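Sequence lines set the chain letters: A, B, ... in the order given, protein chains first and strands last, and positions in each chain run from 1. Bear in mind that the values here come from a model prediction, so they are computed numbers and not experimental data.
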Amino acid sequence: MTVTAVPNVAEAVETNVESHLHPVASFDLADHPMPGGREEVWRFTPMRRLRGLLDGAPSSAHLDWRTTLPEGVVMREISTSEAIALGVPAPVDRPSALAVAEGGGAVLVEVPAGLELTEPVVIELVGTDADQQVYGQVVFAIGAQARATVVLRHLGSARYVSSVSVLVGEGASLNFVGLQDWADDAVHAGHVGLRIGRDARVRTVTASLGGDLVRLVETAEYDGPGGELEQFGLYFVDAGQHIEHRLFVDHNAPHTRSRVDYRGALQGQGAHSVWVGDVLIRKVAEGINTYETNKNLVLTDGCRADSVPNLEIETGEIEGAGHSSTTGRFDDEQLFYLRSRGIPEDEARRLVVHGFFADIIRRIGVPEVETRLLATVEKELAVIVGTPAGLAS
Amino acid sequence: MSELRISDLRVEVETESGPKEILKGVNLTVRSGEVHAIMGPNGSGKSTLAYSIAGHPKYTITGGSVTLDGVELSQLTVDERARAGLFLAMQYPIEVPGVSVANFLRTAKTALSGEAPKVRTWVKDVNAALERVGLDGSFAARSLNEGFSGGEKKRNEIAQLELLNPKFAILDETDSGLDIDALRIVSEGVNRYTAQGDRGLLLITHYTRILNYIKPDYVHVFVDGHVVEEGGVELADRLEIEGYDRFVRSAAKVDA
């Protein structure tokens, strides 16, 4: 395990994560040297396949932006220092530090306080060149008492390093959907940092289906008591693909809640998934409740699923804390039950995997995205268990 | 006229200390129109009989046969057995997250009949079947058995029995864990099924209580992996008074 040196100043600033599992968050690129690959937070990542993503070569290239902004939503460019002044969570690793340092400013998407959207904010970022290095910093600011659904979708080909900050105001309600629909040759390393206001409710759904390598660090911290966070995730990893989700929920305020449920299926030689779910419950975080779970369904030989939940608890005055992790093949009992009703084995397998993901997908709340994801899952399943025999939904 | 014939059935299960024989030569024939009750103490192998007939992978048939209208069931896969007309209502129905009851039932019905049921009448049929067992229509949209109470799971099994309407049904301790109202509702569902007159029922139970609602034509006492006594409904009455002790003791003697 790598012990990261904590600068002296950290002792005076409570915002520094005392967790031994996490490097210090910092905007200074110098605090995030090039990893060698043996560090705790990099040990699962195939460094060579990052294709120079972390070298820090300057680039002013951008992904193409396609946006759908409901009335009242404002999008504008801001400088890096303006972004920092907004209170975006500091970068936690080299990719996010690079995205901030090299991004040349950020794009800010604002949902003004009190605005209740009925249509989703949709932002599609499209890569057009698999060899082009792109840095991107995006900030979502959801005003107090506002209500919004945001879809951030990545597609196409790129070498993409990203920092996404999601600032949720007091009492706001946000449904944030992050989609990694990359083409087969894309590589993406990024950070999604949530800051959850007092009594705000946040649900995130992260779906990573495409790309050669995707490594997302998703962090969450609270800006006051009473915040509620639900994070759902799904990934479908094919032969040779590396999909990594590293979550860190920092219970830094009392009476906050978090619930994490990530599910993945793996198929084909060299399919590799990584899920790390860390939760830190600080001394001040009395009366909190947290539960994390990760389930992996291994559909063929030759796959590898790493699943590591961690809980660090600094106060016993909590309502509840737990986690679970399962990795396995099909549940024989489920298959038996379905087959005992006449459903052929292939169809039963399809139903089980379909259900495994549908349970997550139905929480997205954007019908168009739900339909597309279900169709993608069906397509992936066709490879392994055959084409569906006319099942309607 | 259909017939489920179990002849000298021997079944073993893999244990830590090697294979163990659970069924030691079971003989039993159920014809359509008949209701058979299998009664026995815990651990006698009643559930093993149910699951091995349905084809659960945990159990290995080592001898004898089970045929449905002459077709050897052990040669068929689990789903082929169901399509041959067999249904097993389970003691502990399995939860399948994300698969709705409606989707599951439609897929099963399609597999059993070879064609998709008509959308308009099917939705009505499903809702009616659920309501008959006291489950409101919202259950159709819920994940299969997920978050259902024990009683709701059993009711759902009986709704499936009525909708899928198999030639032969085995009910594995469907009555256990049910309160008196649920027991009555479940029994009424079973009686509607048998009232068709051309269906066969094998009712596996530990208690005589359910026989107040479902009248068997035959009662089989099951001890130590085989049938030790057979009779009519009067045998159940005797069990109610005497319990299984008499049979368990004589079985122990035979083993010794």
Side-chain angles (χ1 to χ4, degrees), chain A residues 205 207 232-234 236 261-265 293-297 324 326 328-364 370 373-374 377-378 381 385-393, chain B residues 50-51 53-59 76-90 92-117 119 122 141-146 153 156-157 160-161 163-166 169-170 172:
Chain A
V205 181
F232 298 98
L234 68 95
F236 207 123
D261 183 349
Y262 272 55
R263 301 183 192 182
T293 175
N294 175 230
K295 300 190 189 88
N296 295 294
L297 204 46
S324 71
T326 56
R329 299 210 173 235
F330 279 100
D331 182 331
D332 284 343
E333 296 297 329
Q334 287 183 345
L335 289 181
F336 174 71
Y337 187 74
L338 297 173
R339 295 180 69 196
S340 77
R341 301 307 187 240
I343 300 170
E345 186 169 5
D346 281 359
E347 191 100 353
R349 287 176 187 274
R350 270 194 57 253
L351 268 182
V352 169
V353 182
H354 187 95
F356 183 69
F357 286 129
D359 208 27
I360 299 287
I361 293 172
R362 69 188 168 86
R363 299 169 200 270
I364 289 175
E370 291 182 7
L373 274 179
L374 283 171
V377 168
E378 287 295 335
L381 281 175
V385 293
T387 313
L391 189 78
S393 66
Chain B
Y51 280 90
I53 294 172
H56 194 285
K58 193 174 144 194
Y59 304 99
L76 304 181
T77 63
V78 175
D79 45 290
E80 284 168 345
R81 295 179 202 204
R83 294 200 293 277
L86 191 72
F87 179 90
L88 170 63
M90 295 183 201
Y92 303 108
I94 305 298
E95 300 187 0
V96 190
V99 176
S100 71
V101 169
N103 190 5
F104 160 67
L105 288 171
R106 192 176 61 238
T107 308
K109 188 71 179 178
T110 304
L112 289 169
S113 65
E115 57 177 353
V119 176
W122 179 245
R142 287 180 59 179
S143 285
L144 182 56
N145 292 322
E146 193 185 35
K153 286 180 183 172
N156 182 32
E157 295 289 282
Q160 292 174 40
L161 171 69
L163 270 171
L164 304 177
N165 201 18
I170 302 171
D172 183 25

Which region of Leu105(B), side chain (C-beta onward) or backbone (N, CA, C, O), has a non-hydrogen atom less than 4.5 Å from a non-hydrogen atom of chain A, or is it both or neither?
neither
Would you mind telling me which of Gly355(A), Ala348(A), Ala358(A), Ser340(A) has the largest number of heavy-atom pairs within less than 4.5 Å of chain B?
Gly355(A)
CG of Leu338(A) to CG of Leu144(B), rounded to nearest 0.5 Å, is 7.0 Å
For the interface with chain A, which of Leu112(B), Leu86(B), Leu164(B), Val119(B) has the highest count of heavy-atom pairs at distances below 4.5 Å?
Leu112(B)
May I have the step-by-step check of side-chain contact (heavy atoms from CB on, under 4.5 Å) for Glu333(A) and His56(B), ending in yes or no?
CA-CA 9 Å; Glu333(A) 296 297 329; His56(B) 194 285; 3.0 Å; yes
Across all chains, not counting sequence neighbours, the ring pair (Phe, Tyr, Trp, His ring centres under 6.0 Å) partners of Phe104(B) are Tyr337(A)
Just do the side-chain contact (heavy atoms from CB on, under 4.5 Å) check on Thr77(B) and Glu345(A) with the steps written out, would you?
CA-CA 9 Å; Thr77(B) 63; Glu345(A) 186 169 5; over 6 Å; no
Side-chain donor or acceptor of Arg341(A) paired with backbone N/O of Leu88(B) under 3.5 Å
yes
List the steps and the verdict of side-chain contact (heavy atoms from CB on, under 4.5 Å) for Phe336(A) and Ile94(B).
CA-CA 9 Å; Phe336(A) 174 71; Ile94(B) 305 298; over 6 Å; no
Nearest heavy-atom contact between Ile343(A) and Asp79(B) is O-CB, 3.3 Å
Criterion side-chain contact (heavy atoms from CB on, under 4.5 Å) on Val96(B) and Leu351(A), from CA distance to verdict:
CA-CA 9 Å; Val96(B) 190; Leu351(A) 268 182; over 6 Å; no
Quick check: closest heavy atoms across Arg339(A) and Ala82(B), and the distance to 0.1 Å?
O-CB, 3.9 Å
State the OG-CZ distance between Ser100(B) and Arg362(A), to the nearest 0.5 angstrom.
10.5 Å
Of the listed Ala108(B), Ala111(B), Ala84(B), the one with the largest count of heavy-atom pairs under 4.5 Å with chain A is Ala108(B)
So which part of Phe356(A) gets closer than 4.5 Å to some heavy atom of chain B, the side chain, the backbone, both or neither?
backbone
With sequence neighbours excluded, residues passing side-chain contact (heavy atoms from CB on, under 4.5 Å) with Asp332(A)
none
Measure across Ser143(B) and Asp359(A) and return the closest heavy-atom pair with its distance rounded to 0.1 Å.
OG-OD1, 4.4 Å
Under 4.5 Å from a heavy atom of chain A, the part of Pro166(B) involved
neither
Given heavy-atom pairs under 4.5 angstrom as the criterion, report whether the side chain, backbone, both or neither of Glu80(B) touches chain A.
neither
